[in-house]
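One structure below.
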Amino acid sequence: MRLLCAPLQGYTDRSFRLAHSATLGGIDDYTAPFVRLERERLRPRDLHDLTALGEDQRRLTTPQALARTPHEIRLIAAQLADLGFDRLDLNLGCPFPKVVQQGYGAALPNEPDTLRELLLAATDCLPPHALSLKLRLPDLPQHLEAIAELCRQLPLRHVTLHPRTAAQQYAGTPDHHAFARFRQLLGPQTPLVYNGDVTAPHSPYPDCDALMLGRGLLANPLLPRLLRGETASDDQFRQLLLTFHQRLADLLQEQPQPLPRLKTLWDYLLPHERNRHRRHLLKATTLPDYLAAATELLAHAQQPPHSPTPETPT
Ligand SMILES: Cc1cc2nc3c(=O)[nH]c(=O)nc-3n(C[C@H](O)[C@H](O)[C@H](O)COP(=O)(O)O)c2cc1C
């Protein structure tokens, strides 16, 4: 089964992707957090996330676009092609009210005509099977039928469905029945990826062609290996996590503000480890203090129980 890393703005940035793929691996494709245009150009921080990646990293990374019009998607595809990317994922699921009010992200599955125009333009300006979609459930079930019909007509790389509505944001149970219905509507031609609360190797996920891991991967970065049937002793688990964390810290130290970014990691990482080391690392005001507390925590960490997806901070 193919395993994909979900885009998580603020978390799965280039340092995370580099550190994870170099030390832990098990992911076939990292979909990068979405990029969008500002005055017709990709925003500088989006460019930094995707510029000057080595060949291996580029092969493992799929950029994602937040776009609404044919003009926007053509501009984004052209600017990403200049960076060496020949494939693109389209964000049809961002539920943030400001994004949805402007007609982007999760607004689009509710507007089949606008979506059709956008997808036709996107497939037109990319090679066949270079476009993938990442969507949420539309508000109306009949729109799911329209989306499936549209997808069937296009040469898509794959479609990822996160079966929650925009109103649910990241809470509530993913709707496995709606996912199974979409699979039927989509038919066998287009690979379908399941996304939503993949946190444990043995949970019953709906029938699909690949799994996309989000917060479950941030909580336990070894999850892809577990899903592939590997096991790790507690010592191996700690050693691997320490190596991953050290690589991430090394990469982030090349950036201006490594400390806040490193602390962000703990919004999700090992949520069951609530101890004094965690408090220390979150309160640290210097990098050496942070690293000492994080190393202590990781050197004594237990493997996570197969717990539910950690809550998303508000
Ligand atoms: C903090 C955060 C940032 C996210 N950023 C993106 C994004 O840039 N693009 C996107 O398509 N989805 C984004 N998502 C949604 C995730 O990719 C994923 O669909 C969602 O978290 C459900 O999967 P999970 O239950 O495995 O976490 C984000 C989610 C969170 C919590």
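For this chain, numbers begin at 1 and follow the sequence in order. Counting starts at 1 for both ligands and their atoms, in listed order.
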Quiz item: For ligand 1, does Q9 get within less than 4.0 Å through its side chain, its backbone, both, or neither, judged by non-hydrogen atoms?
Solution: both
Quiz item: Which one of L131, L120, T190, D124 satisfies the side-chain contact (heavy atoms from CB on, under 4.5 Å) criterion with L154?
Solution: L120
Self-check item: 4.0 Å heavy-atom contact, R164 with ligand 1
Solution: yes
Quiz prompt | Per atom 19 (O) of ligand 1, closest listed option by heavy atom (N195, T199, V35, V198) | solution = N195
Practice problem: For the residue pair L133 and L119, establish whether any side-chain heavy-atom pair is separated by less than 4.5 Å. | Solution: yes
Quiz item: Which is it for M212 and ligand 1 at heavy atoms under 4.0 Å: side chain, backbone, both or neither?
Solution: neither
Quiz prompt | Y11, any N or O under 3.5 Å of ligand 1 N or O | solution = no
Practice problem: Report, in ascending order of atom number, the atoms of ligand 1 lying under 4.0 Å from any heavy atom of P33. | Solution: 8 (O)
Quiz item: Is the closest heavy atom of Y268 to ligand 1 under 4.0 Å?
Solution: yes
Practice problem: Measure from NZ or CZ of R36 to the centre of the six-membered ring of Y104, then state whether that distance is under 6.0 Å and the direction lies within 45° of the axis. | Solution: yes
Quiz item: In terms of atom number and element, which parts of ligand 1 are under 4.0 angstrom from non-hydrogen atoms of D197?
Solution: 24 (P), 25 (O), 26 (O)
Quiz prompt | Heavy-atom nearest neighbour of atom 16 (C) of ligand 1 within options P7, C5, G214 | solution = P7
Quiz item: Using the benzene-type ring in the case of Trp, are the ring centres of Y194 and H158 under 6.0 Å apart?
Solution: no
Quiz item: Do any heavy atoms of G93 fall under 4.0 Å from ligand 1?
Solution: no
Quiz item: Does a donor on one side chain and an acceptor on the other come within less than 3.5 Å for Y11 and D267?
Solution: yes
